[in-house]
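Everything on this sheet refers to the single structure shown next.
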Amino acid sequence: MTEPLSFEPPRGMRDFYPEDMVWRNRVFDAWRQASVSFGFQPYDACVVENLALLQRKSGEEVSEQIYHFEDKSGRKLALRPEMTPTLARMIAAKQGQLAFPVKWFTVAQCFRYERMTRGRKREHYQWNMDIIGEESVSAEAELLAAVALALKNMGMPANGYRIHVNNRALLSEMLAASGIAANHHAAVFLALDKRGKIEDTEIRDLLIKEGLDETAIAKTFDLLSVQTLEQAAARTQADSPAVKALRDLFELATIYGIADRLVFDISVIRGLSYYTGIVFEAFDTERKFRAIFGGGRYDSLLTAIGGQPTPAVGLGFGDVVVVEVLKELLGETAATEKRGVIIGYMFPEQREVATALARRLREAGEAVELMLAKQKPKQFFARASASPAADAIFIGPDDVTNGCAKRKNLTTREEKEIALV
Ligand code: HAM
């Protein structure tokens, strides 16, 4: 006997029932509106990528989580775990024809073979916003202001989240000042990024493997005790460009009206190897959930894949964590919007009148759910209350005789007459 088929999707993959789509649409709409408000242009790409483009040999987690396969001709392909390499490929392919800086956005479905924890799935949608071709922090500031608008559009209160900002270039300066050579920095970043996810002793082992001695390891951990930008500045040279970039960003954030949400945080390093400068990650203020979004500057990725040197900065914002945070802050049903009208009728004889009314209202631009069979009033109103409709019209024989029916607001119970002819 064959095994009965499961009704569950494959582990970590997601089905979206209508009640889930309400939240998904709320988030997607907010992303799109914010992108357009800030002058970003949409782009899209294939979900299946060349494996070689996605794999990096830096030991980062994402490279180990790739879903990959061979097609029937033996091509090594993969489901994209993120959008950034694909974006870099698309930019490199048209580098001579594009007017930089390019500001592009997309909502991309991404796949990662993750260990399943709260907020982590094996498939998610990720809003990506990137600015390619601008080296000043004006780009970072613009991105962070756009993302703040998206969060506002979703109903997230300004005090509900914090954007933690750091600069890998600053960490590099501090590591260099501690005598740790530049060729170790990338590996040190990836090791330190694991803080809180694995034991410090395991991070130590990673640093030993990288060739750091006891003194260097102690100095590395000591960097993480830095609390403020001023303390960090005191550990670098007076004219540190990395400190200046952060100060400029915080200053611009004041003008954009988002400075209250930005915090300097030395522990934000990011788990992707391509970041070169400012990096950021946003969390709910109470830090109950995983990162809502993350991003940063990646000025060397274009050259790493064979393109021309081009500065770049961007962010990825998934749909999983933010919905968890919004549900906690606003309630499970907060995204449900009541609109349009639901129309029902009591006997088969009223079907024609109900259908004609539905047509008239639809032609006038209303959203109308027409019942497809007769119903008892109790049945109809129970369904109407559970539907997304704001109003309900129930047509009985007397309404047809009178030539008008009642349009009832399902929240206030207020009734208005509506002509049936
Ligand atoms: P990332 O930090 O790996 O960055 O992912 C960005 C966001 O995607 C996370 O903050 C989270 O919201 C969401 N996310 C990632 N993995 C999962 C998962 N398994 N389940 C649910 N949500 C997830 C990047 O991917 C960079 N490429 C972002 C970027 C764009 N940097 C520059 N441009």
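- No donor-acceptor pair closer than 3.5 Å links the side chain of Asn166 to the backbone N or O of Val279.
- Taking a cutoff of 4.0 Å between a charged side-chain nitrogen and a carboxylate oxygen, Lys209 and Asp205 do not qualify as a salt bridge.
- The salt bridge (charged side-chain N to carboxylate O under 4.0 Å, His left out) test with Arg270 singles out one residue from Glu82, Glu60, Glu281, and that residue is Glu281.
- The environment of Gln231 atom CD is dense: over 12 non-hydrogen atoms of other residues, nucleotides or ligands sit within 6.0 angstrom.
- With rounding to the nearest 0.5 Å, the separation of CZ in Phe105 from CE in Met129 is 9.5 Å.
- A salt bridge links Lys288 and Glu286; the closest N-O separation between the charged side-chain nitrogens and carboxylate oxygens is under 4.0 Å.
- Using modelled atom types, one side-chain atom of Thr276 and one backbone atom of Asp299 make a donor-acceptor pair closer than 3.5 Å.
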Next item on the list: Show the numbers, then the answer: is there a side chain to side chain donor-acceptor pair (under 3.5 Å) between Trp127 and Ser35?
Entry: CA-CA 10 Å; Trp127 177 36; Ser35 305; 3.0 Å; yes
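- Interatomic distance, CG of Asp193 versus CG of Leu190, reported as 7.0 Å (0.5 Å rounding).
- With hydrogens and angles disregarded, no donor-acceptor distance shorter than 3.5 Å links the side chain of Glu366 to the backbone of Val368.
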Notebook entry, point to check: Hey, mind stepping through Phe264 and Gln227 against side chain to side chain contact (heavy atoms under 4.5 Å, CB included) and telling me if it holds?
Noted result: CA-CA 8 Å; Phe264 170 71; Gln227 301 279 332; over 6 Å; no
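- Closest heavy-atom contact between Gly307 and Ala92: CA-CB, 4.3 Å.
- A search for ring pair (Phe, Tyr, Trp, His ring centres under 6.0 Å) contacts involving His164 returns Phe283, not counting sequence neighbours.
- Gln65 CD: more than 12 foreign heavy atoms inside a 6.0 Å radius.
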Margin query: Checking Tyr274 against Tyr298 for the ring pair (Phe, Tyr, Trp, His ring centres under 6.0 Å) test, could you report, in this order, the C-alpha distance in whole Å, the side-chain angles of both residues, the deciding distance, and whether it holds?
Written below: CA-CA 6 Å; Tyr274 48 65; Tyr298 52 101; 5.6 Å; yes
Next item on the list: Could you check Ser63 against Gln55 for side chain to side chain donor-acceptor pair (under 3.5 Å), going step by step and ending with a plain yes or no?
Entry: CA-CA 5 Å; Ser63 290; Gln55 266 178 333; over 6 Å; no
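- Here Ile393 contributes atom CD1 and Leu361 contributes atom CG; the two are 5.5 Å apart, rounded to the nearest 0.5 Å.
- Phe189 and His185 have tilted rings, their planes meeting at an angle from 30° to 60° on a 0 to 90° scale.
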Margin query: Does Gln95 form a side chain to side chain donor-acceptor pair (under 3.5 Å) with Thr310? I'd like the steps, not just the answer.
Written below: CA-CA 9 Å; Gln95 211 151 10; Thr310 314; 2.6 Å; yes
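- Between the side chain of Thr401 and the main chain of Pro397, a donor-acceptor pair closer than 3.5 Å is present.
- Listed for the Glu328 side chain is no donor-acceptor partner under 3.5 Å among the backbone atoms of Glu324.
- Partner Ile131 forms a side chain to side chain contact (heavy atoms under 4.5 Å, CB included) with one of Leu315, Val313, Val102 and no other, that one being Val313.
- Proximity of a side-chain donor or acceptor of Arg168 to a complementary backbone N or O of Tyr275 within less than 3.5 Å is detected.
- A salt bridge links Glu140 with Arg297: the closest approach of a Lys/Arg side-chain nitrogen to an acidic carboxylate oxygen falls below 4.0 angstrom.
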Notebook entry, point to check: Would Phe28 and Tyr125 satisfy ring pair (Phe, Tyr, Trp, His ring centres under 6.0 Å), going step by step from the backbone distance to the final call?
Noted result: CA-CA 9 Å; Phe28 281 30; Tyr125 287 92; 5.3 Å; yes
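- Of the listed residues (Tyr161, Trp31, Phe317), just one forms a ring-ring contact (aromatic ring centres under 6.0 Å, His included) with Phe293, and that residue is Phe317.
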Margin query: Apply side chain to side chain contact (heavy atoms under 4.5 Å, CB included) to residues Asp130 and Leu143 and explain how you reach the verdict.
Written below: CA-CA 8 Å; Asp130 292 82; Leu143 275 180; over 6 Å; no
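- Under the 3.5 Å distance criterion, the side-chain polar atoms of Glu142 are left unmatched by any main-chain donor or acceptor of Ala139.
- We find that Lys327 and Glu332 are joined by a salt bridge, their nearest charged nitrogen and carboxylate oxygen being less than 4.0 Å apart.
- Side-chain atoms of Glu417 never come within 3.5 Å of backbone atoms of Ala405 as a donor-acceptor pair (strictly under, hydrogens ignored).
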Next item on the list: Go through His124 and Arg112 one step at a time and tell me if the side chain to side chain contact (heavy atoms under 4.5 Å, CB included) criterion holds.
Entry: CA-CA 9 Å; His124 71 285; Arg112 297 182 187 184; 4.2 Å; yes
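- Heavy-atom neighbours of Tyr43 OH from other residues, nucleotides or ligands within 6.0 Å: above the threshold of 12.
- Put simply, CD on Glu251 and NZ on Lys244 are 8.5 Å apart, with the number rounded to the nearest 0.5 Å.
- Heavy atoms of other residues, nucleotides or ligands lying less than 6.0 angstrom from CD of Glu19 number more than 12.
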Next item on the list: Tell me, with the steps shown, if Leu229 and Phe250 meet side chain to side chain contact (heavy atoms under 4.5 Å, CB included).
Entry: CA-CA 11 Å; Leu229 186 51; Phe250 286 116; 4.2 Å; yes
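- Geometrically, Lys374 does not engage Phe347 in a cation-pi contact defined by less than 6.0 Å to the ring centre and at most 45° from the axis.
- For Lys152, the NZ atom is loosely surrounded, since the number of other residues' heavy atoms within 6.0 Å does not exceed 12.
- Ion pair Glu114/Arg122 not flagged as a salt bridge, since none of the NZ, NE, NH1 or NH2 atoms sits closer than 4.0 Å to an Asp/Glu carboxylate oxygen.
- Note: Tyr17 OH to Arg24 CZ = 14.5 Å, rounded to the nearest 0.5 Å.
- Atom NZ of Lys416 sits in a sparse spot, with 12 or fewer heavy atoms from other residues, nucleotides or ligands closer than 6.0 Å.
- Considering Arg413, Arg407, Lys406 as possible partners of Asp391, the one that fulfils the salt bridge (charged side-chain N to carboxylate O under 4.0 Å, His left out) test is Arg407.
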Item checked: From CA spacing to verdict: salt bridge (Lys or Arg N to Asp or Glu O under 4.0 Å), Glu49, Arg80 -> CA-CA 6 Å; Glu49 246 316 342; Arg80 63 179 173 217; over 6 Å; no
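- Around the CD atom of Glu349, the shell of radius 6.0 Å holds more than 12 heavy atoms that belong to other residues, nucleotides or ligands.
- Sequence neighbours left out, the pairs with a member in residues 375-389 that pass side-chain hydrogen bond (donor to acceptor under 3.5 Å, both in side chains) are Glu369-Arg383.
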Next item on the list: Start with the C-alpha distance between Asp71 and Arg75, add both sets of side-chain angles, then the distance that settles salt bridge (Lys or Arg N to Asp or Glu O under 4.0 Å), and finish with yes or no.
Entry: CA-CA 5 Å; Asp71 72 5; Arg75 289 185 194 90; 2.8 Å; yes
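- Between Trp104 and Phe40, the gap from one ring centroid to the other reaches at least 6.0 Å.
- Remark: Leu53 CG to Arg56 CZ distance equals 8.5 Å, nearest 0.5 Å.
- Heavy-atom contacts from other residues, nucleotides or ligands closer than 6.0 Å to CZ of Arg359 number 12 or fewer.
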